[in-house]
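Take a look at the structure set out below.
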Amino acid sequence: MSEISKEPTEEKSLNFIEQIIEEDLRNNKHGGRVLTRFPPEPNGYLHIGHAKSICLNFGVAQKYGGGTNLRFDDTNPVTEDTEYVDSIKNDVQWLGFQWVNEFYASDYFDSLYEYALVLIRKGLAYVDESTSEQMAAQKGTPTEPGTNSPYRDRTPEENEALFVRMKNGEFAEGTRTLRAKIDMAAPNMIMRDPVIYRIKFAHHHRTGDKWCIYPMYDFAHGQSDSIEKITHSICTLEFIPHRDLYDWCIEKLEIFPSKQYEFARLNLTYTVMSKRKLLQLVNEQHVTGWDDPRMPTISGLRRRGYTPESIREFCDRIGVARRDNLIDVSLLEFCIREHLNKVAERRMVVLDPLKVILTNFPEGQVEICHSENNPEDPNGGIRDIPFGREIYVERDDFMEVAPKKYFRLAPGQMVRLKSAYIIKCDDFVKDEAGNVIELHCTYIENSKSGSDTSGINVKGTLHWVSVKEALPIEIREYDRLFTVEDLSTAEGDFKEHINPNSLQVITGYAEPALKEAAVGAKFQFMRKGYFCLDPDSTADHLVFNRTVGLKDTWGKVAAK
RNA sequence: UGGUGGAUGGUGUAAUGGUAACACAGAAGAUUUUGGUUCUUUUAUUCAGGGUUCGAGUCCUUGUCCGCCAACCA
């Protein structure tokens, strides 16, 4: 313990957000206060991209002695639902973060309504009766200025009366909006009199039917930040053009000046990261649900076997900057391997069995072998593994004709069975189709693991399972969901690139110790990969998800 | 073509005018009762041209390429 504090504290360079905060702290900008917020819209499940934002917002606040609010940006009742609220809260906590306040933009509907009135009275907002098509035409284009709405010059009194009637439900959906009166020639299209309130006769998941007018994002977000006195409002790059409007509202309303800062969102190879697309995958049943282990959602990764630690580590390693990026998914895989290597107990499971008969081992005899649960953990303990005359080994651990550097079984070749004996392959049996169906081997009696006096050195060590005690388990092997690295530049619809073989279900044969596993428990199946017990499991039908395979240097060599 | 934000190895992130660093991926080797882990070694004239400077990835300038913005979505 004391050693840790002695270690030279490696000066890790600050990301640009941390630099801004330190600068603000130096200038005593908010009296040393740091308050961030994580503001998801409850219209879908959180994904690994949100994890980056969560780690940033909570992480940076933690680092500087501040806090973070969880705020649901629920200004659009037609897409939002409490199901999503619950999953989001669960995911944030699972990642290891705790918010100081749980807020909802809808908590502020009354205040927001008052703010709208303020703007109206200042002559800075007006009720428009243009259709959305007309409004689009008024907008102009990036190269041509827009034109004023014919309703733009109504008096504040007129506007207030109209707005109240909107609120009272006197107008049909789509017939009126409240618009900020800014500049139809503004170079920033967002500033060309943006709609800030619209009519929706929709049931809201929290406010029910109290309202039939709802604020737009731009009229809710900055004000919500301001109401909560958020010091640093961190969002993604696509909101850069909105910053002008964010500041405009705060300035005209003369409220607490929260500031918006933008960073580049996460993109990952071989997957998509937009809620719209993820929703499509779910709805069209390309996956089994938001928590399908192939999904880049937090719930999917969790079910896949990812740990919060590994995801936080990943977010830490990818950094924070303002340039677009496409992170190699192998970095995520590295992070989960790194963590699981330290904490996951080892088990032996044969995924593609080939029977081996030890011809010199007494029939019916069971011998107990002992194996360490985790070589990386000296306190991990040991477990018993039954050994007998008939065992399974992996089918690809035998070759009739062995290539040069093949250290496994082949006629005449010797290997060690992990935690048991060295065996020698004497013979093999084929079926009529020419497939090898059985190996005949002899075991070296004085070669037992831990008390080996044989003096024999073998290059290969195999995992194995005793046939009699073998426990059949279902194994779900996952591969990347898409076949192309970069979906953003891929031709055609993203669904054309779905990997048809992203899931393979097989039956594996496990050592009996695995029977005790609890749902979510994570193991390394030796020489195969990391697996965790899926919630679909029952007492006599265990289902394991492959989280990630082990690095396979032989596989690469063999492929050549 | 209007506005706006970018550009550093295959992928990310640093270097805040002073030796281009770290990680992942790849390659080679050592160790290993997991072909895992661990440990070595290896991989860049910083988008291009011009300028300022003793010195430029960093400052200035011109150009090129990429992202985002014309929802009553967030």
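Below, chain A is the first sequence line, B the second, and so on; all start at residue 1. As the structure is a prediction and not an experimental result, all values here were calculated from the model.
Applying the 4.0 Å criterion to OP1 and OP2 of B/rG26, one finds that A/K556 has a side-chain N or O inside that range. For A/R317, no side-chain nitrogen or oxygen approaches OP1 or OP2 of B/rU13 to under 4.0 Å. In terms of phosphate contacts, A/R198 brings a side-chain nitrogen or oxygen within less than 4.0 Å of OP1 or OP2 of B/rA74. Distances shorter than 4.0 Å separate none of the side-chain N or O atoms of A/K448 from OP1 or OP2 on B/rU33. Distances shown here put a side-chain N or O of A/T75 below 4.0 Å from the OP1 or OP2 atom of B/rA74.
Among the heavy atoms of the strands, none lies under 4.0 Å from A/H221. At the heavy-atom level, A/E173 lies nowhere under 4.0 Å from the strands shown. The residue A/V320 sits close only to the backbone: its heavy atoms come under 4.0 Å of sugar-phosphate atoms, none of a base. Counting any heavy atom pair closer than 4.0 Å across all strands shown, A/R408 reaches a base atom.
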Look for any protein N or O under 3.5 Å of an N or O in nucleotides 38-41 of chain B and output each such pair with its distance, or none.
none

Please produce a list of atom pairs where a protein N or O lies less than 3.5 Å from an N or O of nucleotides 4-10 of chain B.
{"residue": "B/rG5", "atom": "O3'", "partner": "A/R322", "partner atom": "NH2", "Å": "3.3"}
{"residue": "B/rG6", "atom": "OP1", "partner": "A/R322", "partner atom": "NE", "Å": "3.4"}
{"residue": "B/rA7", "atom": "OP1", "partner": "A/R323", "partner atom": "NE", "Å": "3.3"}

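With sequence neighbours excluded, the residues forming a side-chain hydrogen bond (donor to acceptor under 3.5 Å, both in side chains) with A/K63 are A/E18, listed by chain and number. Every side-chain hydrogen bond (donor to acceptor under 3.5 Å, both in side chains) that A/S371 has, sequence neighbours left out, goes to A/S419. Under the rule for a salt bridge (charged side-chain N to carboxylate O under 4.0 Å, His left out), A/R312 has no partner lying at least two apart in sequence or in another chain. Every residue two or more places apart in sequence or in another chain was checked for a salt bridge (charged side-chain N to carboxylate O under 4.0 Å, His left out) with A/E309, and none qualifies. Every residue meeting the side-chain hydrogen bond (donor to acceptor under 3.5 Å, both in side chains) condition with A/E41, not counting sequence neighbours, appears here in chain and number order: A/N43, A/T79. Qualifying side-chain hydrogen bond (donor to acceptor under 3.5 Å, both in side chains) partners for A/Y217, counting only residues two or more places apart in sequence or in other chains: none. By the salt bridge (charged side-chain N to carboxylate O under 4.0 Å, His left out) test, A/E367 pairs with A/K448, sequence neighbours left out.
Note on A/D128 versus A/R176: no salt bridge recorded, every NZ/NE/NH1/NH2 to OD/OE distance being 4.0 Å or above. Between A/D107 and A/R206, at least one side-chain N (NZ, or NE/NH1/NH2) sits under 4.0 Å from a carboxylate O, which counts as a salt bridge. Between A/E238 and A/R265 there is a salt bridge, since at least one side-chain N of the basic residue sits less than 4.0 Å from a carboxylate O of the acidic one. Contact check on A/R71 versus A/E228 returns a salt bridge, with a Lys/Arg side-chain nitrogen under 4.0 Å from an Asp/Glu carboxylate oxygen. Taking a cutoff of 4.0 Å between a charged side-chain nitrogen and a carboxylate oxygen, A/E394 and A/R527 do not qualify as a salt bridge.
The P atoms of B/rG57 and B/rG49 are separated by 13 Å, rounded to the nearest whole Å. Taking the P atom of each, B/rG3 and B/rG51 are spaced 29 Å apart, rounded to whole Å.
For RNA chain B, the stems formed by at least three consecutive Watson-Crick or G-U pairs, with both atom-pair distances below 3.5 Å, span B:2-7 with B:64-69, B:10-13 with B:21-24, B:26-30 with B:38-42, B:47-51 with B:59-63.
Within residues 262-270 of chain A, no residue has a heavy atom under 4.0 Å from RNA chain B.
Screening residues 367-386 of chain A for ring pair (Phe, Tyr, Trp, His ring centres under 6.0 Å) gives no qualifying pairs among residues at least two apart or on separate chains.
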